[in-house]
Amino acid sequence: MYGDDTLQRQFGALTARSKRRTFLQTWTAAMVGVLAPGSRMANAQGVGPSPTSKAFNVAHTMKPLPFNASSLSGLSERLIESHWSNNYGGSVRALNEINRRLSDALSVDDLPAFVYNDLKREHLIRTGSVVFHELYFENLGGNGRPDSDVCSLLATAFGSFERWEREFRRVAAGLGGGSGWVILGYNRHFGTLENYWLADHTHGPAKTDPLLVLDMYEHSYHLDYGAATARYIDAFFANINWEAVLKRGEAG
């Protein structure tokens, strides 16, 4: 077994919900549509999408901000609204368009594979952007003060809460002026809590559940702080919703 036994027991207490039951319920509901009469898998006919196909036909919609954009400390309403509507919203719209183009392109028999893969590359980028942005906004809106459960969990993993925070901030500072994400994640393969450096939307540690997500692309802070990324990182920490972070662990 990988990792620290105490950490695994603590994290297990946060994930007491039956994962197997949740998994089966989710996939059963999804497969009802896929295996419905007339669907592609039921009939095993052709390569065109069926009316119930999910792979290309999901219409992604923007999730509303879980907080009032004017309520954050040190992050202006103008910044948050621009980030949400332009950057996150742009990726949602782009992902829908890419899915439409992928579906159309799959029906073109003589389309070169490398042309199709250009679309798949964009699909990967836009998928990552949508998911990470939604996680980022969802873990904002709090008072930034971790409770005893959070402090204990991170102290077990890193030696102390302060040591965890020091590394997370250092990784974020190293991405200043460029692009990328910082993620505190639970690695299910190793049974460890770790901070991860992500160069862009396409990177993510394998078999890891993101718990806390920080956007370090310039669009996330430039309107308020210009190149002063340290002040943005301070503002992020002042607005972390630790309750949302813990719920991600419970739902994992």
Side-chain angles (χ1 to χ4, degrees), residues 2-15 67 72-75 79-80 83 128 132-133 135-201 203-222 224-250 252:
Y2 295 103
D4 182 277
D5 290 342
T6 303
L7 171 62
Q8 292 184 16
R9 286 196 299 271
Q10 283 184 280
F11 199 82
L14 296 175
T15 58
F67 51 83
L72 301 188
S73 174
L75 298 173
L79 170 68
I80 294 297
H83 192 175
F132 289 141
H133 273 108
L135 291 171
Y136 169 75
F137 288 121
E138 287 168 4
N139 59 217
L140 288 176
N143 60 19
R145 295 191 291 271
D147 63 16
S148 59
D149 288 338
V150 170
C151 291
S152 177
L153 192 66
L154 292 174
T156 301
F158 290 86
S160 68
F161 178 88
E162 292 74 20
R163 195 163 185 263
W164 162 77
E165 182 176 340
R166 182 184 183 189
E167 189 195 32
F168 194 95
R169 284 176 175 271
R170 180 171 289 180
V171 177
L175 287 168
S179 61
W181 302 84
V182 188
I183 287 179
L184 166 66
Y186 180 67
N187 187 306
R188 297 192 174 278
H189 188 75
F190 297 127
T192 55
L193 278 173
E194 299 191 52
N195 293 320
Y196 291 96
W197 168 94
L198 278 65
D200 54 37
H201 307 313
H203 287 74
K207 222 174 174 186
T208 296
D209 297 333
L211 302 180
L212 178 65
V213 174
L214 168 59
D215 189 344
M216 284 305 300
Y217 279 78
E218 284 189 311
H219 64 241
S220 64
Y221 57 85
H222 200 268
D224 282 355
Y225 294 111
T229 53
R231 294 176 60 198
Y232 163 65
I233 296 168
D234 287 342
F236 171 79
F237 268 86
N239 291 282
I240 293 176
N241 183 345
W242 284 108
E243 183 178 350
V245 174
L246 282 179
K247 283 182 178 177
R248 288 174 184 165
E250 293 168 357

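In terms of heavy atoms, A172 sits closest to I233 at CB-CD1, 3.6 Å. In terms of heavy-atom proximity, G74 sits nearest to A235 at O-CB, 3.8 Å. Heavy atoms only, all atoms of each residue included: L193 and A157 are closest at CB-CB, 3.8 Å. Smallest separation of non-hydrogen atoms from E194 and F158: CA-CZ, 3.9 Å. The two residues E167 and N195 come nearest to each other via the heavy atoms OE1-ND2, 2.9 Å. For V213 against P210, the heavy-atom pair with the smallest separation is CG2-CB, 4.0 Å.
Rounding to the nearest 0.5 Å gives a distance of 9.5 Å between OH of Y221 and CG of D215. Interatomic distance, CD of E162 versus CG of L154, reported as 10.0 Å (0.5 Å rounding). For the atom pair CG (D224) and CG (L72), the distance works out to 10.0 Å, reported to the nearest 0.5 Å. L212 contributes atom CG, which lies 7.0 Å from atom CZ of F237 (distance to the nearest 0.5 angstrom). A distance of 9.5 Å separates OH of Y196 from CG of L184, quoted to the nearest 0.5 Å. Atom CH2 of W164 sits about 9.5 Å away from atom SG of C151, to the nearest 0.5 Å.
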Test log, rule side chain to side chain contact (heavy atoms under 4.5 Å, CB included), inputs I183 and F132 = CA-CA 9 Å; I183 287 179; F132 289 141; 3.5 Å; yes

From CA spacing to verdict: side chain to side chain contact (heavy atoms under 4.5 Å, CB included), Y186, L153 | CA-CA 11 Å; Y186 180 67; L153 192 66; over 6 Å; no

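Judged by distance alone, the side chain of R188 and the main-chain N or O of K207 form no donor-acceptor pair under 3.5 Å.
Taking the six-membered ring for Trp, Y217 and H201 have ring centres closer than 6.0 Å. Taking the six-membered ring wherever Trp is involved, the centroid distance between the rings of F137 and H83 falls below 6.0 Å.
Here the side chains of F236 and L140 are in contact, with some heavy-atom distance below 4.5 Å. Residues M216 and Y232 are in side-chain contact: their nearest non-hydrogen atoms beyond the backbone lie under 4.5 Å apart. The closest side-chain heavy-atom distance from V245 to V150 is not below 4.5 Å. At least one side-chain heavy atom of L214 sits less than 4.5 Å from a side-chain heavy atom of F168. Side-chain contact check for L79 versus S220: every heavy-atom pair is 4.5 Å or farther apart. Here the side chains of L135 and W181 are not in contact, with every heavy-atom distance at 4.5 Å or above.
Under the salt bridge (Lys or Arg N to Asp or Glu O under 4.0 Å) criterion, E218 pairs with no residue at all, not counting sequence neighbours. Residues forming a ring-ring contact (aromatic ring centres under 6.0 Å, His included) with F67 (at least two apart in sequence, or on another chain): none.
Every pair passing salt bridge (Lys or Arg N to Asp or Glu O under 4.0 Å) that includes a residue from residues 234-245 is listed here, sequence neighbours excluded: R169-D234, E243-K247.
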